Every structure is written in C-alpha cells, then in structure tokens.
Trainee: 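Sharing a structure, written as structure tokens. Questions coming.
Since we're looking at a predicted model, the values are computed, not measured. By convention in this document, chain letters (A, B, ...) are assigned in the order of the sequence lines, proteins followed by strands, and residues within each chain are numbered from 1.
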Amino acid sequence: MYIRDLNGCEGKEVMLQGWAANKRDSKGLVFLYLRDGTGMCQCVVALDVVGEEKFNAAKKLTLESSFSITGNVVKDEKQIGGFEIQATDINVISYAEEFPIAKKEHGVDFLMDHRHLWLRSQRQWAIMKIRNRIIFSIHQFFQEDGFVEMDAPIFTGNACEGTSNLFETDYYGDPAYLSQSGQLYGEAMAMAMGKIYTFGPTFRAEKSKTRRHLSEFWMIEPEMAFFDIFQNMDLIENFLRRVVSDVLRDCKNELEIIGRDISVLEQIVKPFPRLTYDEAVRIIKGEQDVNGQNSITSLEDELKTILARIEEVKNEIAEREEKIKTPNMKKGEIGFNQAKIDKLKQEQNDLEEQSRNIPQWLNSARNFEYGNDFGGSDETVITRLFDVPIMVYNWPHEVKAFYLKRDPENSRFARGVDVLAPEGYGEIVGGGERETDENLLREKITEHQLPMAAFEWYLDLRKFGSVPHAGFGLGLERIVTWICKLPHVRESIPFPRMYGRLLP
RNA sequence: UCCUCAAUAGCUCAGCUGGUUAGAGCGAGUGACUGUUAAUCACUAGGUCCCUGGUUCGAGUCCAGGUUGGGGAGCCA
C-alpha cells in the first residue's frame, strides 16, 4: 500500500511503510510524518492503543528511521494529502543515526556534500518528479510523431565543435573523448530513419562556475531529414509547449511544493516570438523596445529595486535582532525570530551579489558589438522582457558551429536558431538547418582547425543522397531548471557533476 | 584563466575601530506536557575561530600567500 493510493480507503485498515520525515511527541501521543516516495502522511501513535512497548519504539524513532505502520485511515482536511493514519501497530525496520539535514536553512556546500540524503527532502523529491515527467513527455512527443530514438556513441574520436572543453580518456592507448554532442551521428541516422532523436549523457570540460553549467548533463538531439530551419522552429515550439502542458497537468502538487508561479507557465500557449539576430541585437542594446519595455532602462530599474530591497531587508534584520533582546521573551519566539533573521541574511547576500552583477551586465549590453555571439548576460537582458521563450535565428556564421547552413539569401548569416527561455533564463535549445554543400563544409572544418580525417565519414553523408535537414539540441537540466524556476542547475539532476565536484 | 564575495560549535549565523575565560538559535541528550504542523519549559554536552607566515605587548579581528566554497566573465545546452 502506498500513500498515493489512500484516497478511497477511508475507514479501512492499511499497512504503510517508509521513513520518518518528521516527529513530534507529547505524553501518550507520537505524531509521525511518514514519507514513502509517493507522498506524505501523518500517523498518530497513541499509548493506550498500541501498548507500552510499541509506543516506546515509536517514541524513540529518529528522523529518517524506517518503519512500517498499520492503522485506520481517517479523513482530515488539515493534513497534507487529506488523510491521517491512526496506528494500531508499528514496526521499526531501522533506527537512523542523527540525520544531518535538519528542518532549517542549510548552506549549498553542505547540502551538496549530502546530496544522497538531500534527495529525500520534499523540494528535491518534487523536482525529481517533475524531471521524470519531462523525460517521459519528451519520449512521448517524439515517439507519437514517428521519431526513432537512437543512441549515439559516448566515446568519440572527433570533436564536434572544437577541441577545447573535451574530457580525454585512454582508448586502448589512443586518445578518445567523451561525447560533447551526438548530433553528427544523429544526422547519419536521420538519413536512415527519416526522423530520429538522441537522448543521452553529454560531457563538457568547462571550468565554469555559474548557475547554468554542468560537466555532465543529458541532452536530447532530434534530427529530421527534409526539414528546413522554419519547420525546425515549428517543431521546437510544439515540443516545448507539449512538455510544459504535460507538467502543468500532471505535476500540480510538485509545482506547488516548489512554489513555482504557474501563471507564467500557462503563458506558454502563446506563439514564441521569432527574432533575427539583427533584431535581437537592437533589443539588447536598448535601441528597440519590446512591448514598451527597454532592456537597458528596465535593468536599471531592477537594480534600483534590488538596492531598495536590500535596505528593507537590513531594516527588518535590525528590527528582529532588537526584538530578540527584549527581556522575558519566550524561548520559542527567540528561535522563530532567529530563523527569520538567518533567512533574511541569506536573501541579503543573494541581493548583494545581484547588485554587483547587474552593472556588469548593463555595461556588456550597452557595449555589445554587432557580430558577436550572445553571452550569458545578454541572454538574461533580452529574455527578461518576454514571458514566453523566444527564438533567435540567422546568426553571423563566424560565431556558430561549422555544420550550420549558410543562409541562401545572405551568406553572412548561418541558419542557426537559439531558443532563449523567458524570465532571464537564457539558452535552453540550440539548433538549425545543416549545411548540405560539401565544399563549404570542408572550408569551415579547415577554418575551425578541425582534423579533416575525422570528419570524412560525416562528409560522406553529403555524397550519398544529401537532402536538406535540420535539428536541435536541448539540455534536459536547463529545461527542468527553467520549468521549476530553480536558482541553479545543480538541483535539476540527482547527482550533479560540475567543476570541483565529483562526490557524492 | 580573470573579476568578485566568503570561511567561527553537527547546522545557520553574531562577534563593532585588535584587549581577560568565544556567543546565540537550531539540532542532539535528559526530564516535564494527550492533537502537534520549524513558536511549550528547564537543564546538559558541543570550538585546532580553514592553513602558513607577518605586524603587534596582545590577532577570530589587521596584512601577505595558499586552500576550499559561492556568484559572475569567457565557453556553452
């Protein structure tokens, strides 16, 4: 029996097993919060029902101890899940040692060191459930549309987009690299199957310490024969809409647990604006407004708001610190205020960090040089102005990957498209139409100083029935992070691998 | 690689311009309380103030170098 299935069992006796997520006791009564992976349920163990031996066993339960419990299901609207178990029997499976993660704020480093235990907390549980729903949605979307899932190799002999950022391993005495992208293999497979998608791990040795980067992440790369960039954009739009609507429909509870404002996600039914690179640059530089909003002035306003909020927070901290000092204050009230102060201090730190970053972003937006690729801050600056993802296409070909098709109407541009998630998130999808001209590809490979020999097989695809084709790649963790509005990608994957972290 | 912020109890943080014996809350332990949802009460046990060197009569506090971590740039999904 699982907590998820309690609905309809009112008045019946059931047996549940799980872990103690929380406990409170008083004389003759123990309240246990049971967590079983499907939900949470409060169980009440009463001395006069279960007898002294069982009662003492329940009373001794520590946080995260495992136990099974038998009892009657009682409806209680006040409880999470709406039910309560009134125990008739309890059996302890294993007493837990003192659980390191307490019911309070913790620092990031501490939580990451205890990731294997942190995953049990409600918020992490909700995120992982949403991640699972997104993964399922991705497969459903492509499978229902006739795509064939393909597994690209993880050991590769060639670098797809340059040799930096690769993890090198020893492959029977020769260097091999961990895959950075399955795309080139996807193109080969698309020529065999028509429409394919890869779903696998990707490795980038980027010494990045930002909220957007992982060294190991999961990437989905569809590739479609006979698609141009515009059909590609249509597909991306339908795809993202599908994923978001599935999550909205099936993960209401999880979204509520993490406090996601779903009204923003509900906007995703609207069409995604499609901007050319030229337009996007004008918006970033503040030369063109969006819905009456200007990138530069709105960011300046944001900075002012943040600075004002810092003052507010400081005042509240001072107020509460003063309050704690008043004589005869109840111990519990002191603790409550202390917890509030800790939280406010955390907020103050975050705000101060932002207030240091925003001037740099403003500077970089004002001085954006036409022809460059967008940086992380440029993406933030432009996507703050939108409430749906935007698609930026037709990039200067110099800044994009070698395999992107040159725009037939203007050879300065390549037919790449980046999808930038709203609310300041930035890039979640990168893709485009592929170059079909073998000679142009050879030129580009030389230009990028890539070893031609490693790409001969890829160039073969242009010799044997070459067709227009397009595709895109999306980072699973970035989608999860955006949909959940997480402050950092590290919470979007069970065991993040990033610069400086390999354990647990 | 660069910029920037930080490191004090198991955890989250105080510790002012250097000055006796290092502070709080949470958590833990013991006891009291029959309906709690991080707000009951009392008591108890917890410290190599990240490391190395320097300045000083005196360093948790100041300086230099290092280590580790946070955020950002570059690079990217």
Trainee: Have a look at B/rG23 and give me syn or anti from its glycosidic angle (syn if within 90° of zero).
Mentor: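 You should classify B/rG23 as anti.
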
Trainee: OP1 or OP2 of B/rA73 sitting under 4.0 Å from any side-chain N/O of A/R211?
Mentor: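 False: A/R211 side-chain N/O out of range (4.0 Å or more) of B/rA73 OP1/OP2.
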
Trainee: Pick the C1' atom in B/rA9 and in B/rG15, then give their distance to the nearest Å.
Mentor: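 To the nearest whole Å, 14 Å.
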
Trainee: Could you say whether A/N357 or A/Y33 is positioned toward the 5' end of RNA chain B, judged by the nucleotide with the nearest heavy atom to each?
Mentor: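 By nearest-heavy-atom nucleotide position, the 5'-most residue is A/Y33.
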
Trainee: Taking the inter-plane angle between the rings of A/H106 and A/F110 on a 0 to 90° scale, is it parallel (under 30°), tilted (30 to 60°) or perpendicular (over 60°)?
Mentor: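 Ring orientation of A/H106 relative to A/F110: parallel.
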
Trainee: For B/rU55, which nucleotide is its Watson-Crick or G-U wobble mate, given both distances must be under 3.5 Å?
Mentor: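 B/rU55 is unpaired by these criteria.
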
Trainee: Grab the CD-P distance between A/Q338 and B/rA38 for me, whole Å please.
Mentor: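 For the pair A/Q338 CD and B/rA38 P, the rounded distance is 18 Å.
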
Trainee: Is the shortest heavy-atom distance from the side chain of A/T156 to the side chain of A/Y185 under 4.5 Å?
Mentor: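 The answer is yes, as the side chains (C-beta and beyond) meet within the 4.5 Å cut-off.
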
Trainee: Can you tell me how far C1' in B/rC63 sits from the matching atom in B/rG74, rounded to whole Å?
Mentor: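 About 32 Å, rounded to a whole number of Å.
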
Trainee: Mind checking if A/H106 touches a base, just sugar-phosphate, or nothing, with heavy atoms under 4.0 Å?
Mentor: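 Counting heavy atoms under 4.0 Å across all strands, the contact made by A/H106 is with sugar-phosphate only.
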
Trainee: State whether the distance check finds a donor on one side and an acceptor on the other, under 3.5 Å, for side chain A/R356 versus base B/rC3.
Mentor: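 No.
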
Trainee: Please give, in whole Å, the distance from B/rG70 P to A/L351 CG?
Mentor: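 Checked: the CG to P distance equals 20 Å.
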
Trainee: Given the structure, check if the side chain of A/E206 and the base of B/rG74 hold any donor-acceptor pair shorter than 3.5 Å.
Mentor: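 Flag unset: no donor-acceptor pair detected.
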
Trainee: Is there a donor and acceptor pair closer than 3.5 Å between the side chain of A/Q42 and the base of B/rU36?
Mentor: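 It does, because a donor-acceptor pair links the side chain of A/Q42 to the base of B/rU36 below 3.5 Å.
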
Trainee: Establish whether the base of B/rG72 is bridged to the side chain of A/S377 by a donor-acceptor pair shorter than 3.5 Å.
Mentor: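 Result: no qualifying N/O pair found.
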
Trainee: Could you tell me the Watson-Crick or G-U partner of B/rC41, where both distances fall under 3.5 Å? Say none if there is no partner.
Mentor: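 Partner of B/rC41: B/rG31.
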
Trainee: So, under a plain 3.5 Å distance rule, would you say the side chain of A/E98 forms a donor-acceptor pair with the base of B/rG29?
Mentor: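 Looking at the base of B/rG29, it does not pair with any donor or acceptor on the side chain of A/E98 (distance under 3.5 Å).
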
Trainee: Need to verify one output field. Residue with the more 5' nearest nucleotide on RNA chain B, A/Q354 or A/R478?
Mentor: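 It is A/Q354, whose closest nucleotide lies nearer the 5' terminus.
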
Trainee: For B/rC50 versus B/rU61, give the span between their C1' atoms, rounded off to a whole number of Å.
Mentor: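 Those two atoms are separated by 15 Å.
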
Trainee: Give none if B/rA6 has no partner; otherwise give the nucleotide forming a Watson-Crick or G-U wobble pair with it, both distances under 3.5 Å.
Mentor: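 Pairing partner: B/rU68.
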
Trainee: For the pair made of CG in A/L344 and C1' in B/rU12, what is the distance, rounded to whole Å?
Mentor: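 It works out to 13 Å between those atoms.
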
Trainee: Of the nucleotides B/rC11, B/rU36, B/rG70, which has the atom closest to the A/F110 side chain?
Mentor: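 It is B/rC11.
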
Trainee: Scan every strand shown for a Watson-Crick or G-U wobble partner of B/rU1, both distances under 3.5 Å, and answer none if you come up empty.
Mentor: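 Pair assignment: B/rU1 / B/rA73.
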
Trainee: Which nucleotide in the list B/rG71, B/rC75, B/rA38 gets nearest to the side chain of A/S208?
Mentor: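 Taking heavy atoms from C-beta onward, the closest nucleotide is B/rC75.
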
Trainee: When rounded to the nearest Å, what value does the distance between P atoms of B/rU4 and B/rA38 take?
Mentor: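 One P to the other, the span is 42 Å.
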
Trainee: So do the side chains of A/Q124 and A/E491 get within less than 4.5 Å of each other, counting heavy atoms only?
Mentor: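 Yes, close enough: below the 4.5 Å cut-off.
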
Trainee: Does a side-chain N or O of A/K345 approach OP1 or OP2 of B/rU12 to a distance below 4.0 Å, or not?
Mentor: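 No, because none of the side-chain N or O atoms of A/K345 sits under 4.0 Å from OP1 or OP2 of B/rU12.
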
Trainee: Between atom CG in A/D342 and atom P in B/rA24, what is the gap in whole Å?
Mentor: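 Taking atom P of B/rA24 as the reference, CG of A/D342 is at 15 Å.
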
Trainee: Return the nearest nucleotide to the side chain of A/L29; candidates are B/rA77, B/rG35, B/rA38.
Mentor: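 That would be B/rG35.
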
Trainee: For the P atoms, the ones on B/rG23 and on B/rA28, what distance do you get once it is rounded to whole angstrom?
Mentor: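 Approximately 24 Å lies between the P atom of B/rG23 and that of B/rA28.
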
Trainee: Could you give the CG-to-P distance, from A/L47 to B/rA32, as a whole number of Å?
Mentor: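 For the pair A/L47 CG and B/rA32 P, the rounded distance is 13 Å.
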
Trainee: Keeping the roles fixed (side chain from A/R204, backbone from A/Q180), state whether a donor-acceptor pair exists under 3.5 Å.
Mentor: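 Between the backbone of A/Q180 and the side chain of A/R204 there is a qualifying donor-acceptor contact (under 3.5 Å).
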
Trainee: Take the protein atom CD1 of A/I341 and the nucleotide atom C1' of B/rA39, then report the distance between them rounded to whole Å.
Mentor: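 Those two atoms, CD1 and C1', are 14 Å apart.
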
Trainee: Assign A/R501 to base, sugar-phosphate, or nothing according to its heavy-atom contacts below 4.0 angstrom with the strands shown.
Mentor: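 Contact class for A/R501: none.
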
Trainee: Work out how far the P atom of B/rC2 is from that of B/rA14, and round it to whole angstrom.
Mentor: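 Roughly 29 Å separates the two P atoms.
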
Trainee: So A/I101, base contact, sugar-phosphate only, or nothing? Heavy-atom distance under 4.0 Å.
Mentor: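 A/I101: no heavy atom of the nucleic acid under 4.0 Å.
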
Trainee: Send over the distance from A/D113 CG to B/rU68 P, rounded to a whole Å.
Mentor: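 These atoms are roughly 14 Å apart.
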
Trainee: Under 3.5 Å for both donor-acceptor distances, Watson-Crick or wobble: does B/rU61 have a partner, and if so which one?
Mentor: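 No nucleotide pairs with B/rU61.
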
Trainee: Compare the aromatic ring of A/F217 with the six-membered base ring of B/rA77 and state whether they stack according to the 5.5 Å and 30° rule.
Mentor: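 So A/F217 counts as stacking on the base.
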
